[in-house]
4 protein chains.
Amino acid sequence: MTEKQLRIVNAAMEVFVEKGYSGSSTSEIAAKAGVAEGTIFRHYKTKKDLLFSIVTPIVAKLVAPFVMKDFYRVLDAPYSTYESFLRAVLRNRIDFIHKHLPALRIFLQEIPFQEELREPFKDMVAANIIPRLRNVAERFQAQGSLRVDFPPESIVRLTMTNILGFLLARYFLLPEYAWDDEAEIERTIDFIIHGLGAPRA
Amino acid sequence: MTEKQLRIVNAAMEVFVEKGYSGSSTSEIAAKAGVAEGTIFRHYKTKKDLLFSIVTPIVAKLVAPFVMKDFYRVLDAPYSTYESFLRAVLRNRIDFIHKHLPALRIFLQEIPFQEELREPFKDMVAANIIPRLRNVAERFQAQGSLRVDFPPESIVRLTMTNILGFLLARYFLLPEYAWDDEAEIERTIDFIIHGLGAPRA
Amino acid sequence: MTEKQLRIVNAAMEVFVEKGYSGSSTSEIAAKAGVAEGTIFRHYKTKKDLLFSIVTPIVAKLVAPFVMKDFYRVLDAPYSTYESFLRAVLRNRIDFIHKHLPALRIFLQEIPFQEELREPFKDMVAANIIPRLRNVAERFQAQGSLRVDFPPESIVRLTMTNILGFLLARYFLLPEYAWDDEAEIERTIDFIIHGLGAPRA
Amino acid sequence: MTEKQLRIVNAAMEVFVEKGYSGSSTSEIAAKAGVAEGTIFRHYKTKKDLLFSIVTPIVAKLVAPFVMKDFYRVLDAPYSTYESFLRAVLRNRIDFIHKHLPALRIFLQEIPFQEELREPFKDMVAANIIPRLRNVAERFQAQGSLRVDFPPESIVRLTMTNILGFLLARYFLLPEYAWDDEAEIERTIDFIIHGLGAPRA
DNA sequence: CATGAATGAGCCTTCATTCAT
DNA sequence: CATGAATGAAGGCTCATTCAT
């Protein structure tokens, strides 16, 4: 990727984040990147190509850990409890967000409007992520460490809600708030474990 | 509100939901509403006025129950437990969503791009909703029914995360899924109570 | 057709004649018509629509006399000789050219580049005009007034060549030349008759 | 002329024929020629230079036989009749077309739009070709083998019309048609001779 | 009050041309 | 000599908005 291309992508990310894809103009992007407008179109055939060049890699990486062949192994040795599983996933996704905040934001903002983005993503989540998390939930239920009066679907939903809820609040809704990250992560995990854990005998 | 105005607003909602505010054209709205382009501008000075006429009332109603002068009273007599409080809030918000789904969707989609929408809303939440919920949390903590090893802020955050998380999943992300509403509501509440409740003596 | 539309069409004809369709810009047409550029697109969805709105009616009128149901009748009573037939056709086409010179010029100039124009026109000529002229030729051959050592196709080709050749030279190639129209028309007809007529017994 | 230059010219001819000069883009020509865009401009300063490099030589060759110093001689010894003169010209021009069909097509298509092409060509025809043909006509009129009731200008016009008319139909309008070239050439000549020849005593 | 023709700024994109490599 | 990235003007077209009817 040439230096000029990098400037274009960075400028595009800035503008897309602020005004959304539809609200952004290629002329503004070009100006902010310090290149001629024509230069954008030498590298990206259309404005939409530019958007997708930013957002498609994100989708891939977003789901990457969940579609790994050895997803189970994550849990095997070191993470033998649901708690350690949660902690691993949460920290992994935090790292990911740190690296890709602006692109993620664009992804979130555009997913309602870009069918080419939404449908494959939905399919991917339905086909890969949900079933794998379900398996994990069932496994810990069988093992007696997660409550069995909830169906595994609800376990998965509530777990995801709280992980995503934390990430969203922390990085997108209130990034400026004085978060005590360590404490809040532990509280989130503690909360999930208390809410979903099997009752002590 | 005249019949023509109603047709305009409904058409606008359809188009805004699908393409977003920036991606929609007043000509498409006019066509879908079956009125002349000029007619839109007779009722709404600008396209943005039209958006706000849809979205501002939503904001008001969205926060309404939390800014009521007698918000405390909600809890007094009938809702003497955190559980009944949760149940009341959740059901109330479900009713609300049922009535205003499209406008809410537009609100959610546009909030990243419309500063005039985002900032007042944020302020309102920060100034009114959060403190009131905080008070409720502290009250139940003092009363011994919510765990005290979490700061009230975390209680509020986790509670909101799970209420909003349920509503989002139920009505926006997976509206087609075969939800067992009653059961899932109860599970959500049960989960929160287990996760946040004070340990039994 | 509104007055503004008329101004647009006239301006378009001027510009198309001079620079060809591809070489013309809608902004120049708008300027010459004294309207805003957007106005063009209110009346014609695309630049090509504008071209076709000028050129398609011409095609229809161009072939009109040959596809008339009573084409034969033209010859019956008054035109009982090939000579009077030629004279009728030639004068009729001259009138036509006088009325539609610029549009015709655009038609001629664009036909090599516009497949949507060329193919239907070719088909029309092949399916309607040629066969009818062929019939006429055969009829006068049978009647003994046209030479029979030429196949009717050649009769038709040579006749058309000379009619079109005169019209092209007169109105498109050398319109400024000091033509003696009456004399040249008669010479053209005389020439054709001498060239194609059956040898006097 | 380098091999690359040849590829450029050939590609340009293909594209110009199909889309016309204005409708063609240097990038398409470069792609079709398999060279970089810049390479075109190394050999031809502008796109118009490229057009003229194709079309100007054609003009020269087009008029060449008529401007030869010994044009008269063509007629002297072997072609002592108007008929043999016609035959010589026609066959000579057919050879020429066979060699230069695409370039000729471009010439014909562009002449309405390129003043730099049209005006010199017109002047050349007016100054050289017409007068020489006129001389030929007058000569055969004087010699008693062409009719004298037509002014020589009409003789010239009708002769050119039929020669060009044949060539146009044969090579440009209906190249696919199953022509019997020999027969049609002879018919064309025969027709001209019959139409223009002096009446037998 | 409703209409829809008219506007012209602005949009995305293409283009011929230049120039450093 | 060839390349192809870069340019910025210009292209066709859309848009929100205005206003005479």
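Bear in mind that the values here come from a model prediction, so they are computed numbers and not experimental data. Chain naming here is simple, since letters A, B, ... match the order of the sequence lines and numbering starts at 1 in each. Scope of the values below: all heavy atoms of this structure, side chains included, with no hydrogens, waters or symmetry mates.
Here F:dT14 presents its P atom at 7 Å from CZ of C:F41, a figure rounded to the nearest Å. Rounded to whole angstrom, the span from the OH atom of B:Y44 across to the P atom of E:dA2 amounts to 11 Å. Computed from coordinates, the A:E3 CD to E:dA20 P distance equals 17 Å when rounded to whole Å. In this entry the distance linking NZ of B:K47 with C1' of E:dA9 reads 15 Å, nearest Å. Atom CD1 of D:I40 is separated from atom C1' of E:dT18 by 14 Å (rounded to the nearest Å). To the nearest angstrom, P of F:dT17 lies 10 Å from NZ of B:K48.
Taking the ring centre of C:F113 as origin, the terminal cationic atom of D:K19 falls outside the region bounded by 6.0 Å and 45° from the ring axis. A:Y21 carries A:K47 over the face of its six-membered ring, with the cationic atom under 6.0 Å from the centre and within 45° of the normal.
A search for side chain to side chain donor-acceptor pair (under 3.5 Å) contacts involving B:E3 returns B:R7, not counting sequence neighbours. Qualifying side chain to side chain donor-acceptor pair (under 3.5 Å) partners for A:Y171, counting only residues two or more places apart in sequence or in other chains: A:H98. With sequence neighbours left out, the salt bridge (Lys or Arg N to Asp or Glu O under 4.0 Å) criterion links D:E116 to no other residue.
With contacts defined as side-chain heavy-atom distances shorter than 4.5 Å, the pair D:V9/D:Y44 qualifies.
Judged by distance alone, the side chains of A:E37 and A:T26 do bring a donor and an acceptor atom under 3.5 Å apart.
The backbone N or O of D:V35 sits nowhere less than 3.5 Å from a side-chain atom of D:T39 that would complete a donor-acceptor pair. A donor-acceptor pair is defined here as one N or O able to donate and one able to accept, closer than 3.5 Å; no such pair exists between the side chain of C:R105 and the backbone of C:V17.
Atom CZ of D:F172 is separated from atom CD of D:Q109 by 9.0 Å, given to the nearest 0.5 angstrom. If you take NZ on C:K4 and CZ on C:R42, they are separated by 12.0 Å, rounding to the nearest 0.5 Å.
Taking a pair as Watson-Crick or G-U wobble with both distances under 3.5 Å, the runs of three or more consecutive pairs in DNA chain F are E:2-21 with F:2-21.
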Pairs: protein N or O with nucleotides 4-6 of chain E N or O, under 3.5 Å:
unit_1: E:dG4; atom_1: N7; unit_2: B:G38; atom_2: N; d: 3.3
unit_1: E:dA6; atom_1: OP2; unit_2: C:H43; atom_2: NE2; d: 2.6
unit_1: E:dA6; atom_1: N7; unit_2: C:R42; atom_2: NE; d: 2.9
unit_1: E:dA6; atom_1: N6; unit_2: C:R42; atom_2: NH2; d: 3.4

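Scanning residues 24-34 of chain A for heavy-atom distances under 4.0 Å to DNA chain E yields A:S24, A:S25, A:T26, A:S27.
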